[in-house]
*Asks:* 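To start, I am sharing the structure in question, which I have written as structure tokens.
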Amino acid sequence: MALAPRAEAAAGRIATAVAGAMALFGGTILIAIACVTVASVTGRAVPGLAPVTGDFELVEAGTAVAVFFFLPWCQLKRGHVSVDILAARLGRRVQAVLGFLGDAAVAIAAWVIIWRLWLGFGEKFPYGSQGLRDALGMGYKPFFAETTYELQLPVWIPFGLAVIGAGGFALVALYTVWRSLNWALAGAEGTP
């Protein structure tokens with residue numbers, strides 16, 4: 001017995017495509033960060049060249065965004081840390097139920113993360129009427145738009161990208177709860 005197995009399979013295909021695209025985007029960001037780092041270190045080491053201005057700001061923001069874009073794929077493939085020493089000795093049905101409980105806990109955490117990131121984004125985003133901001137739960141507009149020190153990059157841009165990544169994580173986490181519930185109802189875990 002499973003809850004809407006065809007719909008779950010269709011949702012799984014969509015979740016896989018979205019999570020895969022997000023992971024590729026996160027990987028592209030990491031490659032760009034690596035190139036900036038190499039260029040900056042080379043600029044410091046080679047006479048006549050200069051380091052990349054604001055390299056640490058770019059690395060900091062890019063790493064945060066990349067991590068949030070990797071989370072959906074990690075959740076979809078059950079790549080989060082788990083301790084299976086005790087669970088490996090239990091029956092398959094108990095393992096499936098424990099997997100369901102773990103996925104449910106991650107889904108709750110994912111929704112708390114997106115909620116808190118959204119509030120942080122609202123504090124940094126300097127645009128929109130107060131009525132629209134109230135409707136979206138963004139709070140009051142900041143008096144001054146916060147920027148990074150050296151590059152003067154608006155802080156709301158990486159915050160907004162992190163919100164997108166965390167939103168994908170929260171949606172994929174909901175799908176994995178559905179998937180693991182069906183596994184628990186079937187009595188054994190499937191392959192993520």
Side-chain angles (χ1 to χ4, degrees), residues 11-84 99 102-127 138 142 145-177 179-180 191-192:
R13 287 188 295 275
I14 294 169
T16 300
V18 169
M22 291 179 85
L24 288 173
F25 181 71
T28 304
I29 291 173
L30 279 185
I31 290 169
I33 289 170
C35 291
V36 165
T37 302
V38 167
S40 190
V41 169
T42 303
R44 284 183 177 88
V46 175
L49 296 179
V52 175
T53 303
D55 56 348
F56 60 93
E57 292 176 354
L58 294 172
V59 170
E60 177 185 33
T63 303
V65 171
V67 165
F68 279 105
F69 273 79
F70 290 143
L71 285 174
W73 186 257
C74 185
Q75 176 61 17
L76 187 68
K77 297 298 178 180
R78 282 203 168 163
H80 295 292
V81 175
S82 64
V83 180
D84 295 334
D103 284 342
V106 169
I108 291 168
W111 284 95
V112 169
I113 288 169
I114 186 68
W115 167 52
R116 300 308 301 175
L117 265 177
W118 179 254
L119 294 177
F121 173 69
E123 290 177 358
K124 309 292 182 204
F125 190 69
Y127 304 107
M138 295 176 80
E146 189 176 343
T147 61
T148 61
Y149 179 72
E150 237 178 285
L151 294 177
Q152 298 298 307
L153 175 73
V155 175
W156 68 265
I157 294 173
F159 249 97
L161 291 170
V163 166
I164 293 169
F169 175 43
L171 293 174
V172 168
L174 282 181
Y175 163 72
T176 59
V177 168
R179 178 183 69 186
S180 62
T191 304

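The residues of the chain are indexed from 1 along the displayed sequence. Keep in mind the model is a prediction, meaning the values are calculated, not measured. The figures here come from the full heavy-atom set of this structure, side chains too, leaving out hydrogens, waters and symmetry mates.
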*Asks:* Using the test salt bridge (charged side-chain N to carboxylate O under 4.0 Å, His left out), find all partners of R116 that sit at least two apart in sequence or belong to another chain.
*Replies:*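 Testing R116 for salt bridge (charged side-chain N to carboxylate O under 4.0 Å, His left out), a comparison that skips the adjacent residues, returns none.
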*Asks:* So does D103 get a backbone contact from the side chain of T176, meaning a donor-acceptor N/O pair under 3.5 Å?
*Replies:* no
*Asks:* Looking only at heavy atoms, which two atoms of Y175 and A15 are closest? And how far apart?
*Replies:* CD2-CB, 4.0 Å
*Asks:* Which pair of heavy atoms, one from A173 and one from A107, lies closest together, and at what distance?
*Replies:* CB-CA, 3.6 Å
*Asks:* Check whether any side-chain N or O of E150 sits under 3.5 Å from a backbone N or O of T53 as a donor-acceptor pair, and report yes or no.
*Replies:* no
*Asks:* Say you draw a straight line from CD1 of I33 to CD of E60; how long is it, rounded to the nearest 0.5 Å?
*Replies:*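 That separation rounds to 10.5 Å.
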*Asks:* For the atom pair CD1 (I108) and CG (L174), what is the distance rounded to the nearest 0.5 Å?
*Replies:* 10.5 Å
*Asks:* In the structure I gave you, are the side-chain heavy atoms of V18 and V172 within less than 4.5 Å of one another anywhere?
*Replies:*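 With C-beta onward as the side chain, the pair stays apart.
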*Asks:* Would you call the rings of F169 and H80 parallel, tilted or perpendicular, taking 30° and 60° as the class edges?
*Replies:* tilted
*Asks:* For a quick test of reading the model, state the closest non-hydrogen atom pair linking T147 to Q152 and the distance between them.
*Replies:*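 For T147 and Q152, the tightest heavy-atom pair comes out as OG1-OE1, 2.9 Å.
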*Asks:* Which atom names give the shortest non-hydrogen contact between L117 and A162, and what distance separates them?
*Replies:*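 Closest approach of L117 to A162: CD1-O, 3.8 Å.
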*Asks:* Check I114 against V163 and note the closest heavy-atom contact, atom names and distance.
*Replies:*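 Heavy atoms only, the tightest pair is CD1-O, 3.3 Å.
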*Asks:* Can you find a pair of side-chain heavy atoms, one from I164 and one from F69, that are under 4.5 Å apart?
*Replies:*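 Yes, at least one pair of side-chain atoms sits under 4.5 Å.
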*Asks:* Any non-hydrogen side-chain atom of L171 less than 4.5 Å from a side-chain atom of W111?
*Replies:* yes
*Asks:* Do the side chain of S180 and the main chain of V177 share a donor and acceptor less than 3.5 angstrom apart?
*Replies:*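 Answer holds: yes.
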*Asks:* If I take atom CZ from residue F68 and atom CZ from residue F159, how far apart are they, to the nearest 0.5 angstrom?
*Replies:* 9.0 Å
*Asks:* Of the non-hydrogen atoms in P72 and G168, which two are nearest, and what is the gap between them?
*Replies:*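 Taking every non-hydrogen atom into account, CG-C, 3.6 Å.
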*Asks:* For the atom pair CZ (F70) and CD1 (I29), what is the distance rounded to the nearest 0.5 Å?
*Replies:*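 Atom-to-atom, F70:CZ and I29:CD1 are 8.0 Å apart.
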*Asks:* Quick check: does any side chain N or O of S40 sit under 3.5 Å from a backbone N or O of T37, one acting as donor and the other as acceptor?
*Replies:*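 It does not hold such a pair.
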*Asks:* On the 0 to 90° scale, with breaks at 30° and 60°, tag the F121-W118 ring pair as parallel, tilted or perpendicular.
*Replies:*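 F121 vs W118 ring planes: tilted.
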